[in-house]
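The next block holds one structure in the form of structure tokens; read it before the comments.
Only this structure's heavy atoms are used, side chains among them; waters, hydrogens and symmetry mates stay out. Sequence lines set the chain letters: A, B, ... in the order given, protein chains first and strands last, and positions in each chain run from 1.
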Amino acid sequence: MRIATWNVNSITSRLQRLLAWLESTGTDVLCLQELKCAAEAFPTEPLRELGYEAAVNAGGRWNGVAILSRVGLEDPVVGLPGGPEYEGVTEPRAVGATCGGVRLWSVYVPNGREVDHPHFAYKLRWFAALRELVVRESGERPFAVLGDYNVAPTDEDVFDPAAFEGATHVTPAERRALAELRDAGLADVVPRPLKYDRPYTYWDYRQLAFPKNRGMRIDLVYGNPAFEATVRDAYVDREERKGKGASDHAPVVVDLDLRHGTA
DNA sequence: ATGACTTTCAGAGAAAGA
């Protein structure tokens, strides 16, 4: 079974690329982030024509997540249980479902903006609620949280640590939040980069960041031991970052062999 | 060969992204 996570930066702008990518890669389950569409604008029909069901958490101009599946989609949960509000609003940043026997969550962790901004404290509260979810839901069956974590786990995961001094995405507090997910039993499934030495997943649109490979690894796959045991390969599909009309994030693809896992 | 921000809502340009 092939699963993936991709921040598409607007599903309506990316729809033709998305449909083509699903067909060319044969992906069975795709976790999406940054839909940037109203719930009623989600492209349910074209996806259904390709054979995908969808669990969607969308709410307008910003954020928005979904799980697409052509191997079944059961027990959907819309929203992060116990998740915090920002300025009185519960934003659409999480959706869960069981697909092909694997319990999955698609998450879009708050950006944080600046370390002294209220959005940063919100980001840490959001991670705390995510950890609680992991403690409750991760058991014996394969379980994974995929998405845009907006944190680079180590200095190796950014093109130049000096460029991020004082910035979000690299602070000890954010990295501690990832460590707490690992303490809760999840492991970072690090993908192959396909080119260059590091598996970046995001490159800024500006200043030739992609051709210069000035990237970050912030789209992550965190899985429990039963999930890890099924992983046969993982890579960043950087080809999808190329050309006109690309998202600023590339998909992270994970191939699972559910017959040979320990689950 | 990859390409110089992009997207949304709104109807200009701010906000958000990271």
request  = Would you indicate what A/Ser247 reaches in the nucleic acid, counting non-hydrogen atoms under 4.0 angstrom: base, sugar-phosphate, or nothing?
outcome  = nothing
query = Which whole number of Å gives the distance between the P atom of B/dG3 and that of B/dT7?
reply = 14 Å
Integer-rounded Å distance: B/dC5 C1' and A/Lys212 NZ = 14 Å
request  = Would you mind reading off the distance between A/Phe42 atom CZ and B/dT8 atom C1', rounded to a whole angstrom?
outcome  = 18 Å
query = Whole-Å distance between B/dA15 P and A/His117 NE2?
reply = 11 Å
task = Between A/Thr12 and A/Arg238, name the one whose nearest nucleotide on DNA chain B is closer to the 5' end.
result = A/Arg238
What does the list of N/O pairs under 3.5 Å between the protein and nucleotides 16-18 of chain B look like, with a distance for each?
unit_1: B/dG17; atom_1: OP2; unit_2: A/Arg113; atom_2: NE; d: 2.8
unit_1: B/dA18; atom_1: OP1; unit_2: A/Glu34; atom_2: OE2; d: 3.4
unit_1: B/dA18; atom_1: OP1; unit_2: A/Asp148; atom_2: OD2; d: 3.2
unit_1: B/dA18; atom_1: OP1; unit_2: A/His249; atom_2: NE2; d: 3.0
unit_1: B/dA18; atom_1: OP2; unit_2: A/Tyr108; atom_2: OH; d: 3.0
unit_1: B/dA18; atom_1: OP2; unit_2: A/Asn150; atom_2: OD1; d: 3.2
unit_1: B/dA18; atom_1: OP2; unit_2: A/Asn150; atom_2: ND2; d: 3.1
unit_1: B/dA18; atom_1: O5'; unit_2: A/Asn150; atom_2: OD1; d: 3.3
unit_1: B/dA18; atom_1: O3'; unit_2: A/His169; atom_2: NE2; d: 3.4
unit_1: B/dA18; atom_1: N7; unit_2: A/Asn111; atom_2: ND2; d: 3.3

task = Would you please name every residue forming a side chain to side chain donor-acceptor pair (under 3.5 Å) with A/Thr12, sequence neighbours left out?
result = A/Ser10
ask   = Rounded to whole angstrom units, what separation is found between the CZ atom of A/Arg214 and the P atom of B/dG3?
value = 17 Å
ask   = In whole angstroms, how far is the P atom of B/dT7 from the CZ atom of A/Arg17?
value = 10 Å
query = Considering residues at least two apart in sequence or located in another chain, which fulfil the side chain to side chain donor-acceptor pair (under 3.5 Å) criterion with A/Tyr196?
reply = none
query = Got a sec, which hydrophobics cluster with A/Leu124, joining ILVMFWY side chains under 4.5 Å apart, including via others?
reply = A/Val115, A/Phe120
query = For A/His119, what residues pass the ring pair (Phe, Tyr, Trp, His ring centres under 6.0 Å) criterion, not counting sequence neighbours?
reply = A/Tyr86, A/Tyr122
ask   = On DNA chain B, nearest-nucleotide positions of A/Gly243 versus A/Cys37: which is more 5'?
value = A/Gly243
ask   = Please, which pairs that meet ring-ring contact (aromatic ring centres under 6.0 Å, His included) have at least one residue in residues 20-45 of chain A, sequence neighbours excluded?
value = A/Trp6-A/Trp21
inquiry  = What is the distance, to the nearest angstrom, from the CH2 atom on A/Trp203 to the P atom on B/dA4?
reply    = 15 Å
